[in-house]
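Only this structure's heavy atoms are used, side chains among them; waters, hydrogens and symmetry mates stay out.
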Amino acid sequence: MNDVRPSDVSSPRRTKEIIERHGFTLKKSLGQNFLTDANILHNIASAANLAPSKGALEIGPGIGALTQQLAKAAGTVVAIEIDRRLLPILEETLAPYPNASVVNGDVLKLDLQELWRERFAGCTSVSVVANLPYYVTTPIIMKLLEEKLPLEYIVVMIQREVAERMSAKPGGKEYGSLSIAVQYYCEAEIVAIVPPTVFIPQPNVDSAVIRLKRREAPPVQTDDEKLFFETVQACFAQRRKTIANNLLAGIFGKAAKPAMESVLAQCGIDPSRRGETLSLEEYARLSNAIAAYRRSTHA
């Protein structure tokens, strides 16, 4: 008979017992590292400011340890799990929580707008709360942001190094195109550093819980959002090169060096600077000037 007691499954002993009873073997290729610390799980759920009127979307629930915490706090919980082998385990561990359901699929391939309409229609707000597989963290977060889902928070456990890049300020080695992309859409804050010892199996790196609060509008005004991100990518294409060299290679073409110099002068940006020294505001000013230059050359 299945054990459907509403007890937490977050302890190392319970996690091992459930895995062994179901004959489950962890797949390194799916980044399966199960979190086994009840306090950390509770803190992750708390950081999303959930309530009975709100919804939570979890990606990669594993055996349901975090899902249980979310189901206690939110009115509706939907967990997306790619590994079919975990479905019977989740059916067992989530049996005491009728407000939690599981979708078997790859979050990068699912129509999330449709999922929102079908599963979260009655919620006042929805947050993504998850212990993300580290090998696919950035594509998942960028999909969540670029699809402009009506999110309140994204609270996720990710590799510490990636969390530091997402929340980095201009001038440091962590600051790059990922920092700008995340901070264009969100306010980013690291809320906890987590050691490898609280996972089964233990990863080789430290982890961090990052909270991304979705902005109602970007903090900068861009004439062409696509060009803004193209400009950022171009300036970071080769980090050791100046923005002038990167812009020539990625945006203007070498024949248009005078135009590039004119655009940078107009923006008050020294061409000898490197991409990691420019703020969001400077990137917006630069991309808007490039857009104006392109309009003038095609007029």
task = State plainly whether the residues Arg285 and Glu281 are in salt-bridge range, i.e. N to O under 4.0 Å.
result = no

For the backbone of Glu81 and the side chain of Asn104, can you confirm whether one donor and one acceptor N or O come within less than 3.5 Å of each other? yes

Q.
Please check this pair: side chain of Ser53 against backbone of Gly75, looking for a donor-acceptor N/O pair closer than 3.5 Å.
A. no

Taking the side chain as C-beta and beyond, is there a heavy-atom pair between Leu115 and Leu57 under 4.5 Å?
yes

Pair Lys16 + Glu20: basic N to acidic O under 4.0 Å:
no

Exercise for the section: For Gln183 and Ala168, indicate whether the former's side chain and the latter's backbone hold a donor-acceptor pair under 3.5 Å. Expected result: yes

Next item on the list: Test side-chain contact (heavy atoms from CB on, under 4.5 Å) on Lys169 and Tyr175 and set out the steps.
Entry: CA-CA 6 Å; Lys169 302 303 178 195; Tyr175 183 75; 5.5 Å; no

message: Can you tell whether the side chains of Glu147 and Lys143 come within less than 4.0 Å, N to carboxylate O?
response: yes

If you measure only the distance, is there a donor-acceptor pair under 3.5 Å linking the side chains of Tyr293 and Gln266? no

Closest heavy-atom pair, Met157 versus Ser207, reported as atoms and distance to 0.1 Å, is SD-CB, 3.6 Å

Tell me whether Val194 shares a hydrophobic cluster with Met166, the cluster being built from Ile, Leu, Val, Met, Phe, Trp, Tyr side chains joined at under 4.5 Å. no

Separation between CG (Leu35) and CG (Leu41), nearest 0.5 Å, reads 4.0 Å

For Gly55 and Leu50, the nearest pair of non-hydrogen atoms, with its separation, is O-CD2, 3.9 Å

Shortest non-hydrogen pair, Asn246 vs Ala234, comes out as CB-O, 3.1 Å

* To do: In sequence, state the C-alpha distance, the side-chain angles, and the governing distance for Tyr283 and Tyr184, and then conclude on ring-ring contact (aromatic ring centres under 6.0 Å, His included).
  => CA-CA 11 Å; Tyr283 274 113; Tyr184 179 84; over 10 Å; no

Quiz item: With no hydrogens and no angle check, is any side-chain donor or acceptor of Asn99 less than 3.5 Å from a backbone partner on Ala74?
Solution: yes

Backbone of Pro201 reached by a side-chain donor or acceptor of Asn33 within 3.5 Å:
yes

Practice item. Could you walk me through whether Val129 and Glu58 pass the side-chain contact (heavy atoms from CB on, under 4.5 Å) test, one step at a time? Key: CA-CA 5 Å; Val129 193; Glu58 186 183 10; 5.9 Å; no

If hydrophobic clusters are built from ILVMFWY residues whose side chains come within less than 4.5 Å, do Tyr153 and Ile80 share one? no

| According to a 4.5 Å side-chain heavy-atom criterion applied to Ile, Leu, Val, Met, Phe, Trp and Tyr, with indirect links allowed, do Ile200 and Tyr135 form part of one hydrophobic cluster? | no

| Within-4.5 Å side-chain heavy-atom neighbours: Val156 and Ile44 | no

*Does a side-chain heavy-atom distance below 4.5 Å link Arg294 with Ile251?*
yes

- Task: Would you indicate whether the side-chain heavy atoms of Val103 and Arg119 approach each other to under 4.5 Å?
- Result: yes

Would you say Ile40 and Val128 are hydrophobically clustered, going by side-chain heavy atoms of ILVMFWY under 4.5 Å?
no

Does CD belonging to Gln221 count more than 12 external heavy atoms closer than 6.0 Å? no

Can you find a heavy atom in the side chain of Val209 that is under 4.5 Å from one in the side chain of Asn43?
-> no

Quick one: does any side-chain atom of Arg274 pair with a main-chain N or O of Arg240 as donor and acceptor, under 3.5 Å? yes

Check whether Ser167 reaches the backbone of Glu189 with its side chain - one donor and one acceptor, N or O, closer than 3.5 Å.
no

Rounded to the nearest 0.5 Å, the OG atom of Ser127 sits from the NZ atom of Lys213 at a distance of 9.5 Å

Notebook entry, point to check: Which of parallel (below 30°), tilted (30 to 60°) and perpendicular (above 60°) describes Tyr134 and Phe199?
Noted result: perpendicular

For the pair Asn288 (side chain) and Asp223 (backbone), establish whether a donor and an acceptor sit closer than 3.5 Å, ignoring hydrogens and angles. yes

dist Leu278:CG -> Ile180:CD1 (nearest 0.5 Å) comes out at 7.5 Å

| Ile141 vs Leu132, side-chain contact (heavy atoms from CB on, under 4.5 Å): CA-CA, chis, key distance, verdict | CA-CA 10 Å; Ile141 288 182; Leu132 289 182; 4.1 Å; yes

To the nearest 0.5 Å, atom CG of Leu90 lies from atom CD1 of Ile18 at 10.0 Å

Check: Cys186 main-chain N/O paired with Arg215 side-chain donor or acceptor under 3.5 Å: yes

Query - Arg117 with Glu114: basic N within carboxylate O range, under 4.0 Å - result: no

Shortest non-hydrogen pair, Ala100 vs Thr67, comes out as CB-CG2, 4.5 Å

Worksheet entry | pair Phe24-Ile63: side-chain heavy atoms closer than 4.5 Å | no

Counting only N and O atoms by type, is there a donor-acceptor contact under 3.5 Å from the side chain of Arg211 to the main-chain atoms of Ala47? yes

Tightest non-hydrogen contact, residues Ala181 and Met142, listed as CB-CE, 3.7 Å

Exercise. Hey, mind stepping through Glu282 and Ile243 against side-chain contact (heavy atoms from CB on, under 4.5 Å) and telling me if it holds?
Worked result: CA-CA 12 Å; Glu282 288 175 307; Ile243 53 171; over 6 Å; no

The reported gap from CD in Gln69 to CG in Leu66 (rounded to nearest 0.5 angstrom) is 7.5 Å

Is there a path of hydrophobic side-chain contacts, each under 4.5 Å between heavy atoms of I/L/V/M/F/W/Y residues, joining Val263 to Leu247? yes

Here the pair of heavy atoms bringing Thr277 nearest to Pro170 is O-CB, 4.1 Å

dist Leu212:CG -> Glu187:CD (nearest 0.5 Å) comes out at 10.0 Å

**Prompt:** Does some side-chain heavy atom of Glu164 sit less than 4.5 Å from a side-chain heavy atom of Lys173?
**Reply:** no

Q) Hey, does Asn131 have a side-chain heavy atom less than 4.5 Å from the side chain of Phe34? A) no

